[in-house]
Amino acid sequence: MNDKPVVRYDVENGIAVITIDNPPVNALGPGVTEGIVESLEKGEADPNVKAFVMIGAGRSFIAGADIRGFDKSRPPPKRRSYELLDEVNKPVVAAIHGYALGGGLEHALSCHYRIAVADAKVGLPEVLIGILPGGGGTQRLPRLIGPKAALDMIVTGRHVPAPEAKELGIIDDIVDGADLRGAAIAYAKRIADARPLPRVSAREDKLAEAKADPGMFDAMRKSIARKARGQKAPYHCIAAVEAATKLPFAEGIAEERRLFLELVSSDEAKALRYAFFAEREIARIPGLPKDLKLPEVKTMAVVGAGTMGGGIAMSFADAGVPVKLLDASKEVLERGLQRIRDNYAVSVKRGSLTQEQMDERLALITPVETYEEIGDSDAVIEAVFEQMPVKKEVFQKLDAVMKPEALLFTNTSALDIDQIAAVTKRPEMVAGTHYFVPANVMKLFEVVNASKTAPTTLAAAMKLGRDINKISAYAGNCDGFAANRSRIPFALEQNLMIEEGTLPEQVDKVMVDFGYPVGPFAVADMSGLDISYDTRKRRKAADPNYRMLTIPDRLVEMGRKGLKTSAGWYDYEPGDRTPRPSEVVKEIIREESEKLGNKPRAFTDEEILHRLLFGSINEFCKILEEGKAIRASDLDVMWLHGFGFPRWRGGLMFWGDTIGAREIYNQIAAWHQQYGRHWKPSALLRETAERDGKLSEIRSKAFGG
Ligand code: 3HC
């Protein structure tokens with residue numbers, strides 16, 4: 001137990017300095033707000049104190065309320081620090097470095113002055129964990145910067161860099177970061193006698209904006225309707241800011257409190273908190289020595305300039321890492337580079353990238369045509385055609401040219417990495433780094449641990465993913481690894497239900513209502529039905545027992561390849577991406593399901609949802625049983641960032657817990673009887689159901705679970 005006080009109080013030349021010292025991010029955990037209140041009371045009572053400075057120790061100002069604390073009951077504080085800050089009669093200067101987020105920024109907003117170092121960031125990200133700013137942020141921020149700008153910050157939850165915060169009027173001054181404490185004390189001395197104190201709560205001028213444009217709140221509701229479907233928090237955020245423009249400050253605060261309490265224990269908030277912590281837990285691989293010395297990866301090479309290789313190269317350029325892009329064919333290389341340029345140009349056109357940034361990124365990508373030219377890179381990712389002989393040839397070449405300490409990664413999504421590693425003299429330095437399409441956009445970075453991969457290689461690959469702002473996820477080496485393997489039952493069931501007579505539009509509606517941005521059949525049309533058709537053909541050639549899927553096969557064979565042919569599972573008008581239910585497809589489904597002896601019947605939405613998702617829950621359990629993933633929550637994170645699972649539902653296993661392991665197991669066991677082998681329940685699922693355990697808390701026994 002650490003007895004160090006989480007808030008320190010000391011007086012320097014008439015300035016009381018309140019230092020929040022609650023590592024790692026100075027969250028407002030137990031004792032912090034109490035310490036702030038105590039310090040303010042002490043300084044207020046001390047005639048020698050002329051002004052206050054509030055500052056954070058370590059790497060941040062205050063990152064907000066303690067998110068873990070939301071699930072625990074804590075007695076309410078005797079006095080709220082936010083309100084006390086409004087009442088004190090001596091000026092308080094917030095001195096911000098690192099992050100001032102949520103309750104952290106709300107404390108700063110309650111102060112009379114705010115200064116920050118140039119690389120600090122401020123924000124009210126509560127909406128991202130399903131709540132709203134509950135420390136007065138929805139009432140003070142609109143008073144300080146106007147309701148429109150406040151709405152933008154509160155509804156998106158984005159982090160605002162200090163220079164922009166100064167322009168908006170949140171920060172009064174940007175100061176030199178070398179001695180923030182000194183600068184803050186000097187600032188406090190300068191304004192010590194200024195009266196009246198500039199209290200944000202007393203300001204009304206900026207609220208006039210809402211009177212001039214009362215429609216802004218409904219416009220905001222409209223603009224988020226698609227993205228915020230099924231969620232409550234973004235709408236409550238808008239309602240709270242609207243209240244700021246209509247009610248006196250104290251009543252606005254009461255309304256904010258009411259809305260906050262409605263959200264804090266909602267399913268949505270619980271799910272989003274779960275996702276927040278799961279995304280941090282996933283970085284930890286139990287059993288890896290803590291003091292591993294990792295090889296530094298400062299320069300990269302990518303082999304293969306196809307769509308995937310190009311996207312991978314962009315993922316490094318985006319993170320400022322120089323990358324060589326190798327392809328033996330000049331034409332493929334030039335086409336690949338053009339695709340990269342086109343992709344960046346789209347971002348510039350949309351305004352998410354400046355021309356200068358685009359040029360900088362392009363300058364980091366060096367096209368090369370020979371293996372020798374990439375030999376001095378710290379690591380290489382192979383992204384060539386998915387065929388074992390091709391991969392083996394590439395790895396033999398890489399082993400020959402790459403410097404001895406270079407790490408060799410493969411982006412295969414299906415092949416056995418042990419076999420690939422075996423052709424090199426350094427199998428311990430080989431691992432999988434599996435990207436998801438589009439590689440420069442999708443956050444998931446699956447790191448595959450082959451049987452000879454060394455702990456340093458594994459840890460370096462995990463770090464590499466994080467360094468390029470991806471979410472690294474551990475997976476064992478097995479068919480499909482963890483993420484894609486867990487998605488297979490979903491994809492299979494989607495097709496089997498069609499064979500039983502459901503329609504694509506019915507299935508898609510259920511999944512969109514559930515929270516997916518697009519239904520699985522519309523997604524298939526976007527990807528192109530011919531791709532999975534070709535894979536099925538290849539599989540069939542290798543395995544005569546492989547079961548083809550007659551309906552999608554017929555669609556492809558009649559030229560319905562998806563969006564690109566204006567026909568697939570749906571019909572499309574040329575130049576329009578809106579899927580329209582197709583009479584042709586309906587007829588094919590009717591014919592094929594009749595041939596299979598399936599009688600027409602109605603499907604409930606619940607059956608569709610459960611058929612699609614329970615199979616993957618079962619597969620999650622099998623993957624964990626085999627030690628091919630570490631924890632259920634890791635798989636949940638993979639689905640959030642690899643497959644568009646709705647974040648506000650936490651993750652597949654978290655959602656499964658809302659139904660219960662027992663009920664899911666019973667249903668799967670029944671379907672096993674009805675439909676056969678592919679519904680065979682996992683032993684781990686059975687065991688979890690029998691002990692009434694939580695699916696989301698399962699940890700693989702191979703990793704100490
Ligand atoms: N509460 C509890 N723990 C927190 C926390 C918080 N608000 N913020 C971060 N942590 C923990 C993380 O879980 C992690 O713990 P671990 O090491 O045990 O995994 C550790 O602090 C470091 O966090 P990160 O790994 O995320 O560190 P980064 O440097 O990558 O990011 C950050 C720092 C940007 C501050 C990021 O942690 C973050 O976004 N935190 C959440 C901020 C937030 O949502 N604040 C609002 C809280 S709600 C609120 O304030 C309500 C109020 O309105 C009343």
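Worth saying up front: this structure is predicted, and the values here are computed from it rather than measured. When a ligand or atom number is given, it counts from 1 through the structure's own listing order.
- Under the 6.0 Å distance and 45° angle rule, Arg649 does not count as a cation-pi partner of Phe654.
- Residues meeting the side-chain contact (heavy atoms from CB on, under 4.5 Å) test with Asp378, sequence neighbours left out: Val297, Lys298, Thr299, Lys403.
- Salt bridge status for Arg80 with Glu106: absent, with no side-chain N to carboxylate O gap under 4.0 Å.
- Between Val92 and Tyr113, every side-chain heavy-atom pair lies at or beyond the 4.5 Å cut-off.
- Residues passing the side-chain contact (heavy atoms from CB on, under 4.5 Å) test with Glu87, sequence neighbours excluded: Arg79, Glu83, Leu84.
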For ligand 1, output the ligand-protein N/O contacts shorter than 3.5 angstrom; if there are none, return none.
from     : atom 1 : to     : atom 2 : distance (Å)
ligand 1 : 1 (N)  : Ala65  : O      : 3.4
ligand 1 : 1 (N)  : Ile67  : N      : 2.9
ligand 1 : 7 (N)  : Ala65  : O      : 2.8
ligand 1 : 17 (O) : Arg284 : NH2    : 3.4
ligand 1 : 18 (O) : Arg284 : NH2    : 3.2
ligand 1 : 19 (O) : Arg284 : NH2    : 2.8
ligand 1 : 26 (O) : Arg280 : NE     : 2.7
ligand 1 : 26 (O) : Arg280 : NH2    : 3.2
ligand 1 : 27 (O) : Arg59  : NH2    : 3.1
ligand 1 : 29 (O) : Arg59  : NH2    : 3.1
ligand 1 : 45 (N) : Ala63  : O      : 2.8
ligand 1 : 50 (O) : Ala65  : N      : 2.8
ligand 1 : 50 (O) : Gly103 : N      : 2.8
ligand 1 : 53 (O) : Glu106 : OE1    : 2.7
ligand 1 : 53 (O) : Glu126 : OE2    : 2.5
ligand 1 : 53 (O) : Gly134 : N      : 3.0

Report all side-chain donor-acceptor pairs from residues 695-704 shorter than 3.5 Å, counting only partners two or more places apart or in another chain.
from   : atom 1 : to     : atom 2 : distance (Å)
Ser696 : OG     : Asp657 : OD2    : 2.6
Arg699 : NE     : Phe703 : O      : 3.3
Ser700 : OG     : Leu624 : O      : 2.9
Ser700 : OG     : Ala702 : N      : 3.2

